[in-house]
There are 2 protein chains.
Amino acid sequence: MFYSISQVAKKFNLTAYTLRYYDKLGLLPTVGKSSSGLRRFSENDLNCVAMIECLKETGLTLKEIRDYFVLAVKGDETIDMRMQMMINQKKRIEDEIKSLRRNLKKIEFKIKYYQTAKDVGEANVYSEYPQMLAEHDKLFK
Amino acid sequence: MFYSISQVAKKFNLTAYTLRYYDKLGLLPTVGKSSSGLRRFSENDLNCVAMIECLKETGLTLKEIRDYFVLAVKGDETIDMRMQMMINQKKRIEDEIKSLRRNLKKIEFKIKYYQTAKDVGEANVYSEYPQMLAEHDKLFK
DNA sequence: ATAAACTTTAGAGTATACTCTAAGTCAAGA
DNA sequence: TCTTGACTTAGAGTATACTCTAAAGTTTAT
């Protein structure tokens with residue numbers, strides 16, 4: 001079973017432009033062409049696109065994603081390298097989640113600050129509630 | 001107490017170029033200048049930079065960050081809008097953490113897949129372990 | 001058969017976020 | 001006084017990731 005470029009675009013919520021761009025950069029090394037030159041996406045190519053999306057969403061550049069697929073095409077001899085790339089990526093995602101959680105605390109503080117400011121009216125929040133200044137400094141300094 | 005642009009750059013691991021760029025875009029509306037035209041960063045300006053970093057790391061564009069600071073400069077009448085922005089941002093961060101967690105599972109599957117491939121040698125992992133194909137499809141489809 | 005819809009390529013254009021250069025200003029130390 | 005180093009501006013250049021146009025060829029529906 002094969003898919004046209006616009007069917008794949010629809011499936012992954014991308015544009016055909018973007019898929020052609022990825023192909024041009026070497027991110028879709030196994031996509032074939034029909035006798036008249038139209039791209040034919042196989043199930044394996046769909047898995048490729050799904051993996052591109054996963055790596056992209058977790059912060060890899062398209063160049064890094066291409067490097068990964070270049071290794072994949074070389075076959076079993078590159079399994080160690082690809083595994084190492086995924087181990088590195090796992091670490092990066094875990095670090096990013098930690099960073100987001102730290103920043104989430106800052107945003108939650110800001111919401112609490114604004115709620116307090118609304119409660120106390122025109123007054124200065126930090127002079128009314130000195131412990132909030134301490135909390136601010138702990139989060140932001 | 002005031003800081004020069006290079007002191008602030010060092011403190012936040014940014015370059016002076018970047019800080020001038022942020023100033024030009026309107027992200028540092030309260031930074032003053034000395035009589036000879038040199039930027040002087042106050043404690044409040046440092047808090048601004050810390051907030052820019054927080055918002056940037058959680059996915060806001062510089063344009064969106066500027067909009068936030070433009071509201072902040074307008075004073076108490078914009079507190080509701082700023083609070084709403086932070087509530088929206090909290091939601092976005094939570095969604096992003098969920099997305100990263102989903103993608104982390106995919107990366108972890110890949111690592112397990114490669115480990116299995118190494119264990120079974122040249123053989124096809126999915127024909128040896130059909131449940132791994134089911135797991136792949138569950139994660140990626 | 002033919003019109004509409006889809007695809008191809010090369011290459012140009014856009015948006016974002018820097019990053020740097022050039023030319024000049026200013027303050028402090030030898 | 002002069003040199004060094006940090007700062008200023010406007011504006012050019014870079015990297016990334018699309019996004020689109022133009023002109024041509026292909027496929028599908030009536």
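Convention: sequence-line order gives letters A, B, ...; per-chain numbering from 1.
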Run the salt-bridge test on [X] and [Y] with the 4.0 Å N-O cut-off and return the result as yes or no.
X        : Y       : result
A:Lys91  : A:Glu94 : no
B:Arg102 : A:Glu57 : no
A:Arg101 : A:Glu96 : no

Looking for any heavy atom pair under 4.0 Å, which part of the strands does A:Arg39 touch: base, sugar-phosphate only, or nothing?
sugar-phosphate
Heavy atoms only, 4.0 Å cut-off, all strands: where does A:Thr15 land among base, sugar-phosphate and nothing?
nothing
What is the distance from [atom1] of [X] to [atom2] of [N], rounded to the nearest Å?
X       : N      : atom1 : atom2 : result
B:Tyr21 : D:dT9  : OH    : C1'   : 17 Å
B:Leu25 : D:dG11 : CG    : P     : 16 Å
B:Ile52 : C:dT16 : CD1   : C1'   : 16 Å
B:Leu55 : C:dT16 : CG    : P     : 17 Å
A:Ile5  : C:dC6  : CD1   : C1'   : 11 Å
B:Asp23 : D:dT8  : CG    : P     : 9 Å
B:Leu27 : C:dC18 : CG    : C1'   : 13 Å
A:Leu19 : C:dT9  : CG    : P     : 13 Å

Nucleotide nearest [X] when distance is taken to its side chain, options [options]:
X       : options                : result
A:Leu38 : D:dT27, D:dT19, D:dA6  : D:dT27
B:Tyr17 : D:dC18, C:dT19, D:dC20 : C:dT19
B:Thr18 : D:dT9, C:dC18, C:dG11  : C:dC18
B:Ser36 : C:dG11, D:dT9, C:dC26  : C:dC26
A:Lys33 : D:dT8, C:dT9, C:dC20   : C:dT9

Please compare B:Lys56 and B:Ser35 by the position of their nearest nucleotide in DNA chain C and report the one closer to 5'.
B:Lys56
Would you tell me if any nitrogen or oxygen in the side chain of B:Tyr22 comes within less than 4.0 Å of OP1 or OP2 on C:dC18?
yes
Between B:Ser4 and D:dA6, is there a side-chain N or O to OP1/OP2 distance below 4.0 Å?
no
Face-on cation placement of A:Lys110 at A:Tyr113 ring, 6.0 Å and 45° thresholds:
yes
Near DNA chain D, under 4.0 Å by heavy atom, which residues of residues 59-69 of chain A?
A:Thr61, A:Leu62
Atom [atom1] of [X]: over 12 foreign heavy atoms under 6.0 Å:
X        : atom1 : result
A:Asp137 : CG    : yes
A:Lys141 : NZ    : yes
A:Met83  : CE    : yes

Between B:Ser6 and B:Lys24, which residue's closest nucleotide on DNA chain D lies nearer the 5′ terminus?
B:Ser6
Nearest-0.5 Å distance, CZ of residue B:Phe109 to CG of residue B:Leu104
14.0 Å
